[in-house]
Amino acid sequence: MRDLQLSLNQTQRVRLQVALQQLQDLASQAAASSSVTIADTIPVNNEDGILKGHGTSELDGQVVATLCGVVERVNKLVYVRALRARYKPEVGDIIVGRVIEIAFKRWRLEINFSQDAVLMLSSMNLPDGIQRRRTAVDELNMRSIFEENDVICAEVRGFQHDGSLHLQARSQKYGKLERGQLLTVPAYLVKRRKQHFHHLEQYGVDLILGCNGFVWVGEHLKTGEHDMLDDQERRPEISKSNKIDDEEQEWTFTPLEVRHHICRIANAVRLLSALGFILTVEAIIDTTEAGFSSNIEIKDMLGPEFYVQIVEREVQRRISLLRKKG
Amino acid sequence: MEYVNPLTGFRLDGRRPNEMRQIRGEIGVVAKADGSALFEMGNTKVIAAVYGPREVQNKGQQINNRALVRCEYSMANFSTGDRRRRPKGDRRSTEISLVIRQTMEACILTHLLPHSQIDIFVQVLQADGGTRSACINAATLALADAGIPMRDIVTSCSAGYLCSTPLLDLNYIEDSAGGPDVTVGMLAKMDKVTLLQMDAKLPMDIFENVMQLAIEGCKAVAHYIREVLLEHTKQLECHRGA
């Protein structure tokens, strides 16, 4: 596997092989998904006209794949869904990105797309929460909102006519992410869903599954409270420096238990992405719980034993899913 | 020196004249790259990593309607029999970088990825003749792994002419014999040649035979590469599940 270097012992190797074989059998049972590689011909019925979508081109009157992936058909449309590729943005996607540059009235964000995304100063809510025109002063104070290397959560607003990608962060739930870990996984492992923000109450942890394959695991914040309080309360207190220190400390302090939870969930995400299993909240919680129930230490979650266990668990889960269906 | 045994017709390493060395391809060997692959042809071993499509680093080089493709070829210090330090950007490696870049650019659908840049890094881990071909094959695998749209799979294979016999896939000893070495790169399915190099003289009719042999080699490589890719795609899809 790509991200994990494991040294399996003999029994673990055998168990892993059996489990992987089972996974393959299950996949072939579930649906004869048609995988194609580059330059494979995609069989189509030419009589009732077709629409060629992404990942296809025409060669000698035949539809040919230009990517490795899975052929998808929607009515007349035929396209190839690429696995392992960079993120393809769609309007409304929730993404996590990292600020790499501050430019004229905008931040540039790295979001695993073929270009950097742009977050305009005018398309985000200011910390004071007031709707108004952005002044030159705001422009000068951009660094007080986001600095270089900050991790940000935002929404895809749309494409500009020159093909560049614009983001927006017009809600309290978007903005700077602090006190947690950023994990990068292949974008095809995150499915678009209704909910990408998850508050895992039992752990006191926030989980954001960015559509671009950036996953944020961090301490839970009560949305909106911090930013508002911060600005209103701090300003009059600037002279009382020791009080601020206390407050500052409280703000930067994360309880040990929560830190443990963050690491556990992060390791669960790492493990699932190394295995190439789809990342859903359910799968992540399930993996974390499996770690708790088998009393595995955080560091051993990336070890060979737990790795094999998770593959076996996934096989069981898929078998039970199939039974329910059939 | 006899490169082909006149009695048995076998070559120095025991191959027949039209026999290739064993090839092996492996996808996903570099964790942080967008796409990566290892390709072996006998004792020649090459690793390739693809980064991108990503934001253009040098804004002056940005092309507005298509992607910028860059390629860097290097040989590891330990790749040849004598260990020696290799300066970056010597004539040989610049030339091969250029060749690989042009070959790959011909098959990548660059117009689909405007304002972006694709970096291909290939490094020779073990050199035993035919590094050029192995690099192109490795780069193809890595590009396909990175999910970059391509017209067709480019494969490459070399052929030579020694002891009045056309030989497929020369190894180091045959390569350094000083005979002609024809490297062909082609789009396997479209049947188009994208690369043809030869640094010697050959009569026309013999050249045609040698080139035909190299083309056969390319097709065999293409067949194998497609198998590897299909296997890999199936595995990814099966792991991902519904």
Side-chain angles (χ1 to χ4, degrees), chain A residues 1-5 20 23-28 30-31 33 35-41 54-57 59-60 64-70 80-86 100 108 110 112-116 162-164 184 186-189 191 274-278 283 311 314 317-318 321, chain B residues 27-36 50-57 62 64-65 67 107-109 112-118 140-141 143-154 187-191 222 225-242:
Chain A
M1 283 293 138
R2 221 173 271 260
D3 303 328
L4 282 180
Q5 294 292 326
L20 289 179
L23 269 188
Q24 228 157 46
D25 295 345
L26 282 173
S28 55
S33 68
S35 305
V36 285
T37 64
I38 292 165
D40 273 349
T41 335
H54 285 299
T56 59
S57 73
L59 179 71
D60 308 333
V64 167
T66 58
L67 290 168
C68 291
V70 181
V80 178
R81 174 164 55 82
L83 302 166
R84 274 196 60 80
R86 287 224 160 188
I100 54 165
R108 284 189 192 284
E110 153 65 31
N112 193 29
F113 177 46
S114 62
Q115 297 162 48
D116 292 335
D162 63 341
S164 66
T184 48
Y188 76 94
L189 294 177
K191 227 179 186 174
L275 280 163
F277 293 158
I278 197 159
V311 182
E314 177 73 11
R317 195 186 67 82
R318 287 194 193 173
L321 257 182
Chain B
I27 294 176
V29 288
V30 183
K32 288 292 169 213
D34 287 300
S36 58
V50 169
Y51 294 84
R54 60 181 176 188
E55 182 81 17
V56 182
Q57 280 161 351
Q62 182 166 318
N64 276 329
N65 52 3
C107 77
I108 298 173
L109 298 167
L112 294 179
L113 310 157
H115 305 289
S116 60
Q117 144 177 342
I118 298 166
T140 309
L141 269 179
L143 281 170
D145 181 37
I148 291 169
M150 293 199 282
R151 257 179 212 102
D152 197 351
I153 285 173
V154 199
L187 299 169
K189 183 153 183 174
M190 294 161 88
D191 243 343
I225 283 186
R226 299 173 78 90
E227 262 174 31
V228 172
L229 282 176
L230 193 62
E231 172 99 351
H232 182 72
T233 317
K234 274 191 176 149
Q235 198 196 354
L236 282 181
E237 176 62 14
C238 136
H239 278 207
R240 183 177 181 263

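Heavy atoms of Ala146(B) lying under 4.5 Å from chain A belong exclusively to its backbone. The contact between Tyr188(A) and chain B is made by backbone and side chain atoms together, counting heavy-atom distances below 4.5 Å. Proximity to chain B involves both the backbone and the side chain of Thr41(A), based on heavy atoms less than 4.5 angstrom apart. In this structure, chain A has no heavy atom under 4.5 Å from any part of Leu113(B). For Ile148(B), the part lying under 4.5 angstrom from a heavy atom of chain A is the backbone only. When heavy atoms are compared at a cutoff of 4.5 Å, Asp60(A) does not approach chain B at all. Only the backbone of Val36(A) comes within contact range of chain B, with heavy atoms under 4.5 Å apart.
Counting all heavy atoms, side chain and backbone alike, Ser35(A) lies closest to Thr233(B) at CB-CG2, 4.3 Å. A pairwise comparison of heavy atoms in Arg86(A) and Asp34(B) identifies NH2-OD2, 2.9 Å as the closest pair. Nearest heavy atom pair, residue Arg81(A) against residue Arg240(B), reads NH1-NH1, 3.3 Å. Nearest heavy-atom pair across Met150(B) and Thr140(B) is CE-O, 3.8 Å. In terms of heavy atoms, Ser114(A) sits closest to Ser116(B) at O-CB, 3.4 Å.
Looking only at heavy-atom pairs under 4.5 Å with chain A, the residue among Arg54(B), Met190(B), Arg226(B) that has the most is Arg226(B). Across Leu321(A), Leu59(A), Leu83(A), Asp116(A), the residue that shares the most heavy-atom pairs under 4.5 angstrom with chain B is Asp116(A). Ranked by heavy-atom pairs under 4.5 Å with chain B, the list Leu67(A), Val64(A), Ile38(A) is led by Ile38(A). In terms of heavy-atom pairs under 4.5 angstrom with chain A, the leader among Cys107(B), Ala67(B), Pro149(B), Ala188(B) is Pro149(B).
Residues Thr184(A) and Lys32(B) bring no donor and acceptor atom of their side chains to less than 3.5 Å of each other.
For His115(B) (side chain) and Asp162(A) (main-chain N/O), a donor-acceptor pair under 3.5 Å exists by modelled atom type.
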| request: Please test Glu237(B) against Lys234(B) for salt bridge (charged side-chain N to carboxylate O under 4.0 Å, His left out), starting from the C-alpha separation and ending with a verdict. | output: CA-CA 5 Å; Glu237(B) 176 62 14; Lys234(B) 274 191 176 149; over 6 Å; no
